[in-house]
Trainee: 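Can you read through this structure? Questions will come right after.
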Number of protein chains: 2
Amino acid sequence: MTEISVSSLGKLFEIANKRQFKKGEFILKPGQVCKTIMFVEEGYLRTFIDKDGTEINTDFTFEGNFTTNLKSLRSASSADNSIQAGEITIIYEFDKDKLLELYNVSAEIESFGRKLLEQLLIAQEEHTNLFKIYSPTERYHYLQTNKPKILQRISLSQLSSYLGIARETLSRIRKK
Amino acid sequence: MTEISVSSLGKLFEIANKRQFKKGEFILKPGQVCKTIMFVEEGYLRTFIDKDGTEINTDFTFEGNFTTNLKSLRSASSADNSIQAGEITIIYEFDKDKLLELYNVSAEIESFGRKLLEQLLIAQEEHTNLFKIYSPTERYHYLQTNKPKILQRISLSQLSSYLGIARETLSRIRKK
DNA sequence: TTTTACTTGTGATAATTGTCACAAAAACTT
DNA sequence: AAGTTTTTGTGACAATTATCACAAGTAAAA
């Protein structure tokens with residue numbers, strides 16, 4: 001994946017804040033300003049928005065991956081979504097301002113940050129294309145073959161909104 | 001938007017390659033390796049993939065915006081999509097290697113590059129969420145109020161695949 | 001282990017969307 | 001301007017999906 005030297009990694013984790021959450025605890029709530037980038041060490045985070053009382057999952061972040069609310073982070077605007085622990089979850093939080101300082105000191109770290117963004121963007125593009133190319137049924141089958149991990153860890157009812165499918169429909173798709 | 005000093009902008013455009021395309025000409029074809037980032041000066045670019053003989057539009061890039069195939073660009077792998085001029089289009093192309101050199105010389109330009117990525121990622125996330133939150137009909141209405149420009153410039157048949165809707169359905173939605 | 005809460009399965013039905021075929025309209029060509 | 005190509009509209013119908021209501025199953029808690 002994205003490589004980085006041991007010394008830069010050390011500098012990065014010097015500014016990191018290790019935190020632990022129980023299942024259901026919130027890392028970010030709507031209205032708050034997101035000030036950190038989170039790295040999941042263990043467990044997973046669920047990102048969702050509330051639409052008329054229904055929760056719609058927009059992302060799941062598993063071990064070894066980063067997440068944040070980029071829009072809120074960039075403009076210091078209030079978030080419109082929630083980030084919640086899906087299990088007992090350990091994360092490292094990187095404060096935005098400290099991160100920007102590090103970028104000024106270390107070109108390697110800035111470059112690492114950029115590569116991370118690139119990865120996230122590519123993944124997001126692929127995810128969007130799922131909806132354009134495939135039907136609900138095909139989307140499920142795509143996950144089955146390309147991202148089986150997510151099927152193992154995320155419950156059917158949580159997955160359905162992530163795939164833009166009604167829970168009942170997903171249940172029926174799965175039966176076959 | 002994303003700010004940059006005049007001197008950095010100058011350096012950027014020193015490495016730029018201005019090119020003009022007629023409607024329908026290809027900037028990138030499947031199998032090719034994407035080696036540049038493109039800035040649209042005039043006209044627009046259509047990004048699409050071929051699914052069993054049908055073209056599915058994944059993106060439209062208008063004046064003042066950047067596009068590329070990030071996956072191909074990053075890993076020097078062959079592209080699975082096409083980028084085509086939707087009208088007479090003038091672009092500035094930035095060679096990846098030259099850009100990386102500039103990043104090493106100018107922190108401001110690297111930071112500019114990062115901010116650009118951030119913008120693209122935020123936009124992409126919002127686009128994905130359209131599919132999770134809204135029905136086809138609602139997606140169209142969302143564009144109507146939030147991105148009317150795209151409706152003015154993109155034909156119905158091109159737009160339908162971008163919204164994940166059948167052409168006929170989109171035609172009927174629009175009637176109301 | 002018994003109760004309670006949450007998740008999943010399922011039937012019935014409505015609503016929406018997709019598909020096919022073709023006509024109408026609009027946009028380009030020559 | 002006439003002809004050609006491309007885009008859009010529409011009807012008819014099939015297929016898929018959403019919604020509602022509730023039963024069954026599973027997991028968590030007491």
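Each chain gets a letter, A, B and so on, in the order the sequences are listed, and its residues count up from 1.
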Trainee: Distance check needed: C:dT16 C1' versus B:Tyr140 OH, whole Å only.
Mentor: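 Going from B:Tyr140 (OH) to C:dT16 (C1'), I get 18 Å.
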Trainee: Can you tell which of C:dT17, C:dT10, D:dT19 lies closest to the side chain of A:Lys175?
Mentor: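 From the listed options, C:dT10 comes nearest.
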Trainee: Do any N or O atoms from the side chain of A:Thr58 and from the backbone of A:Thr47 form a donor-acceptor pair under 3.5 angstrom?
Mentor: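 Yes; judged by distance alone, with no hydrogens or angles, the pair exists.
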Trainee: Can you tell me if NZ on B:Lys98 sees more than 12 non-hydrogen neighbours from other groups inside 6.0 Å?
Mentor: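 Counting other residues, nucleotides and ligands, NZ of B:Lys98 stays at 12 neighbours or fewer.
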Trainee: For B:Ile154 and A:Glu168, find the nucleotide of DNA chain D closest to each by heavy atoms; which residue's nucleotide sits nearer the 5' end?
Mentor: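 Result of the comparison: B:Ile154.
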Trainee: Tell me whether the OP1 or OP2 atom of C:dT17 has a side-chain N or O from B:Thr137 closer than 4.0 Å.
Mentor: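 So the side chain of B:Thr137 is within the cut-off, an N or O lying under 4.0 Å from OP1 or OP2 of C:dT17.
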Trainee: Answer yes or no: side-chain N or O of A:Arg167 and base N or O of C:dG9 forming a donor-acceptor pair under 3.5 Å.
Mentor: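 Answer yes: a donor N or O sits under 3.5 Å from an acceptor.
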Trainee: Between B:Ile165 and B:Lys23, which residue's closest nucleotide on DNA chain C lies nearer the 5′ terminus?
Mentor: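 First, find each residue's nearest nucleotide; the 5'-ward one identifies B:Ile165.
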Trainee: Report which part of the nucleic acid B:Ser155 touches: base, sugar-phosphate, or nothing (heavy-atom distance under 4.0 Å, all strands).
Mentor: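 Sugar-phosphate only.
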Trainee: Could you state the atom-to-atom distance from CG of B:Leu159 to P of D:dT7 in whole Å?
Mentor: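 Checked: the CG to P distance equals 14 Å.
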Trainee: Would you please indicate if the ring centroids of B:Phe39 and B:Phe94 are separated by under 6.0 Å?
Mentor: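 Not close enough - the centres of the two rings lie 6.0 Å or further apart.
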Trainee: Is there a side-chain polar atom (N or O) of A:Thr169 under 4.0 Å from OP1 or OP2 of D:dT16?
Mentor: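 No, no such contact exists.
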Trainee: Testing the 3.5 Å rule here: is there a donor-acceptor pair between the side chains of A:Glu110 and B:Ser111?
Mentor: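 No, no side-chain donor-acceptor contact under 3.5 Å.
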Trainee: Rounded to whole Å, how long is the line connecting atom CG of B:Leu156 with atom C1' of C:dA25?
Mentor: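 One finds 13 Å between C1' of C:dA25 and CG of B:Leu156, rounded.
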Trainee: Tell me if the centroids of the rings in B:His127 and A:Phe131 come within less than 6.0 Å of each other.
Mentor: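 So the answer is no for these two rings.
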Trainee: Rounding to a whole Å, what distance do you find between A:Arg174:CZ and C:dT8:P?
Mentor: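 My rounded result for the distance is 6 Å.
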Trainee: Is there a side-chain polar atom (N or O) of B:Ser157 under 4.0 Å from OP1 or OP2 of D:dT7?
Mentor: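 Checking D:dT7 against B:Ser157, no side-chain N or O comes under 4.0 Å of OP1 or OP2.
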Trainee: Output the rounded distance in Å from CG (B:Leu163) to C1' (C:dG18).
Mentor: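 Value for this atom pair: 15 Å.
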Trainee: Does A:Arg172 get its side chain close enough to the base of C:dG11, under 3.5 Å, for a donor-acceptor pair?
Mentor: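 A donor-acceptor contact between them is present.
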Trainee: Quickly work out the A:Gln158 CD to C:dT8 P distance and round it to whole Å.
Mentor: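 Atom-to-atom, A:Gln158 to C:dT8, this comes out as 8 Å.
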Trainee: Nearest whole angstrom, please: distance from the C1' of C:dT10 to the CG of A:Leu170.
Mentor: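 Rounded to whole Å, this separation is 15 Å.
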Trainee: Nearest-Å distance, CD (B:Glu87) to P (C:dC28)?
Mentor: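 It works out to 10 Å between those atoms.
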